[in-house]
Amino acid sequence: MSERQQRGWCCVWCRERLGVDLGTDLGEQRVSPPDGAAYSWFPRECADAAACADRAAR
């Protein structure tokens, strides 16, 4: 997953760029790997699921 997807700048499914207040916030995700420090990431997805699925299939 790209940095843009992890930061919520792009959709986690189709990688489409999401503008301010666009897309669906999937909430803060906390990761605690067995090695290394814990971190958070902030995924978002497109509001239009059908268009998103079409872009992801390409």
Side-chain angles (χ1 to χ4, degrees):
M1 190 170 294
S2 74
E3 178 182 1
R4 291 177 183 263
Q5 289 169 301
Q6 292 176 16
R7 293 180 181 266
W9 299 339
C10 294
C11 175
V12 295
W13 309 114
C14 71
R15 299 183 178 151
E16 183 75 13
R17 184 171 209 134
L18 300 170
V20 176
D21 294 330
L22 297 176
T24 303
D25 185 355
L26 300 175
E28 178 182 2
Q29 304 295 312
R30 188 89 174 133
V31 179
S32 299
D35 298 332
Y39 62 93
S40 294
W41 63 292
F42 305 88
R44 290 194 304 155
E45 64 184 3
C46 296
D48 184 347
C52 180
D54 184 48
R55 284 189 296 272
R58 287 188 228 155

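Note that the numbering runs from 1 along the sequence shown for the chain.
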Open item on the list: On a heavy-atom basis, which atom in G8 and which in L18 lie closest, and how many Å separate them?
Closed with: O-CD1, 4.3 Å
Open item on the list: Looking at every heavy atom in both D25 and R44, which two are closest together, and how far apart are they?
Closed with: CA-CG, 3.9 Å
Open item on the list: Is there a continuous path of hydrophobic side-chain contacts, each under 4.5 Å between heavy atoms, that joins W9 to M1?
Closed with: no
Task: Approximate separation, where rounding is to 0.5 Å, of E3 CD and C10 SG - done: 10.5 Å
Identify each donor-acceptor pair in which a side-chain atom of residues 26-35 lies under 3.5 Å from a protein atom, sequence neighbours left out, and give them as a table.
| residue | atom | partner | partner atom | Å |
| --- | --- | --- | --- | --- |
| E28 | OE2 | S40 | OG | 2.6 |
| Q29 | NE2 | L26 | O | 3.1 |
| Q29 | NE2 | G27 | O | 3.2 |
| R30 | NH1 | S40 | OG | 3.2 |

Open item on the list: Taking side chain to side chain donor-acceptor pair (under 3.5 Å) as the definition, give me every residue that meets it alongside Q5, ordered by chain and number, with sequence neighbours left out.
Closed with: S2
- [ ] Check the hydrophobic clustering (I, L, V, M, F, W, Y; side-chain heavy atoms under 4.5 Å; chains of links allowed) and say if V12 and Y39 are grouped together.
- [x] yes
Below 3.5 Å, can you tabulate the donor-acceptor pairs from side chains in residues 47-58 to any protein atom, sequence neighbours excluded?
| residue | atom | partner | partner atom | Å |
| --- | --- | --- | --- | --- |
| D48 | OD1 | A50 | N | 3.3 |
| D48 | OD1 | A51 | N | 3.3 |
| D54 | OD2 | R58 | NH2 | 3.2 |

Task: Approximate separation, where rounding is to 0.5 Å, of R7 CZ and W41 CH2 - done: 13.5 Å
